[in-house]
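The structure presented is a predicted model; accordingly, all values stated were derived computationally and were not measured.
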2 protein chains.
Amino acid sequence: MAVGQTAAQGGETLLFLTDEQLRKGIEAMFFAYRAFTSDPDRILENYEYGRAHHRAIHFINRQPGLTVNTLLTLLGVTKQSLNRVLRTLVEDGLVEARVGRKDKRERNLFLTPRGAALERELSDAQRARMRAAYRTAGPSAVAGFRQVLEAMMDPEILRHYNAMRDGGA
Amino acid sequence: MAVGQTAAQGGETLLFLTDEQLRKGIEAMFFAYRAFTSDPDRILENYEYGRAHHRAIHFINRQPGLTVNTLLTLLGVTKQSLNRVLRTLVEDGLVEARVGRKDKRERNLFLTPRGAALERELSDAQRARMRAAYRTAGPSAVAGFRQVLEAMMDPEILRHYNAMRDGGA
DNA sequence: CTTGGAAAGTCAACAACACTGACATAATAT
DNA sequence: ATATTATGTCAGTGTTGTTGACTTTCCAAG
């Protein structure tokens, strides 16, 4: 399981990364991500919502009051695409869009009690899988997991990610 | 960064996993996966192919001669969906579908030289990001990364995943 | 050797979710 | 006053997934 390492290169502790190791990592990402999304997807079949609604609900729950523009950046989609999702959530009473106090052009997004209930149902399932994986892999593996994922993100998104509330020990 | 741990629970080294830690892990998966697919997606814009074609090409490259049914299981889509992708790849001369020697109902899939060239172009980009993340995070983080992802997969897929060639040190 | 079922391919219809482009409205900034 | 920003909306399109129905080919068991 240990990854090959060589000091014969330069200063910064270079890794000896074979093509196969990298390909295995690529496949692990693909398979794990599919499992990771499967639980909420199954739940969403019972409603008339999809994965896009889940993502919006997730971030509104994480940053109550965030603006549409911020959500746009986090989700990485066009405003037309997000708007379709957001409209149904507001119409169905899961999300509330309050006019900004400081800048009245902005809309601050909040989950209603019903929205929060769906968020909990979805994230319960997703967290259960994450928790199980964490327990199986162990504490040091979890730290490494997060480190690699964070190193993989685009820099601007990493800033947003770090700005979010972190319950890390 | 360290994950809380408690020995006050039971035998199997339980982790003290807060809701926030789990949510951070969920967000890390989302953001990292998006970055992870962005490089090949950018390349594919120059061709008339999409992410689905990339995935098919990836696994055909990894297991030359695999059957349509095996590929179906790995990709987790319907045969109609895969067939649309596979047909264009065969028509365009990137994939060859040879009738099985033993069972002539099966088709064994192979990349043509042109298919292998595209596979390399796509995976070069993806591996570059993976390699950079590995180097940033370090060797022990990489091991943990893989462990958590593997623990997250569905069991049947994990079998296929493990069956694939592994260049692990 | 016939028949049942598995593997593969195809056609049609449809849904989710992304995109571009154009345009409207309201409010802030210059 | 004018330009820009934030948001919303309409129309059209593309990729990728889904069901359902049907055919062809072929292996294998009765």
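Spacing between atom CG of D41(B) and atom P of dC19(C) amounts to 11 Å, rounded to whole angstrom units. Between the CG atom of L82(A) and the P atom of dA16(C) there is a distance of 17 Å, rounded to whole Å. Put simply, CD on E91(A) is 12 Å from C1' on dT9(D), counting in whole angstrom units. The CD atom of E45(A) sits 15 Å away from the P atom of dG17(D) (whole-angstrom rounding). Atom CG of L44(A) is separated from atom C1' of dT18(D) by 16 Å (rounded to the nearest Å). Per the geometry, CG belonging to L86(B) stands 14 Å off C1' belonging to dT10(C), to the nearest Å. Spacing between atom CZ of R84(B) and atom C1' of dT19(D) amounts to 13 Å, rounded to whole angstrom units. As rounded to whole Å, 12 Å separates atom P of dT16(D) from atom OH of Y49(B).
Close to dC10(D), at under 4.0 Å from its OP1 or OP2, lies a side-chain N or O of R87(A). Considering only side-chain N and O atoms, H53(B) lies nowhere under 4.0 angstrom from the phosphate OP1 or OP2 of dT15(D). Between R107(A) and dA6(D), a side-chain N or O to OP1/OP2 separation shorter than 4.0 Å is absent.
A donor-acceptor contact shorter than 3.5 Å links the side chain of R114(B) to the backbone of D92(B).
Of the residues in residues 54-79 of chain A, those lying under 4.0 Å from DNA chain D by heavy-atom distance are T67(A), V68(A), N69(A), K79(A).
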Can you name the atoms? Protein N/O to nucleotides 27-30 of chain D N/O, anything below 3.5 Å, with the distance.
| residue | atom | partner | partner atom | Å |
| --- | --- | --- | --- | --- |
| dC27(D) | OP1 | K104(B) | N | 3.3 |

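Centroid-to-centroid, the aromatic rings of F59(B) and F31(A) come within less than 6.0 Å.
For R98(A) and F110(A), the positive end sits near the middle of the six-membered ring, less than 6.0 Å away and at most 45° from its axis.
Looking at E121(A) and P40(A), their side chains never come closer than 4.5 Å, going by heavy atoms from C-beta outward. Side-chain contact check for M153(A) versus F36(B): every heavy-atom pair is 4.5 Å or farther apart.
Exactly one residue among L109(B), L94(B), T112(B) makes a side chain to side chain contact (heavy atoms under 4.5 Å, CB included) with L89(B). That residue is L94(B).
Between K104(A) and E106(A), no side-chain nitrogen of the basic residue sits less than 4.0 Å from a carboxylate oxygen of the acidic one, so the salt-bridge criterion is not met. A salt bridge links R62(A) with E20(B): the distance from a Lys NZ or Arg NE/NH1/NH2 to an Asp or Glu carboxylate oxygen falls below 4.0 Å.
Both N83(B) and V85(A) lie near DNA chain C, and the one whose nearest nucleotide falls closer to the 5' end is N83(B).
Between H53(A) and E48(A), the side chains place no donor N or O within less than 3.5 Å of an acceptor N or O (distance only, hydrogens not considered).
Below the 3.5 angstrom threshold, one finds a donor paired with an acceptor across the side chain of Q80(B) and the base of dG20(D).
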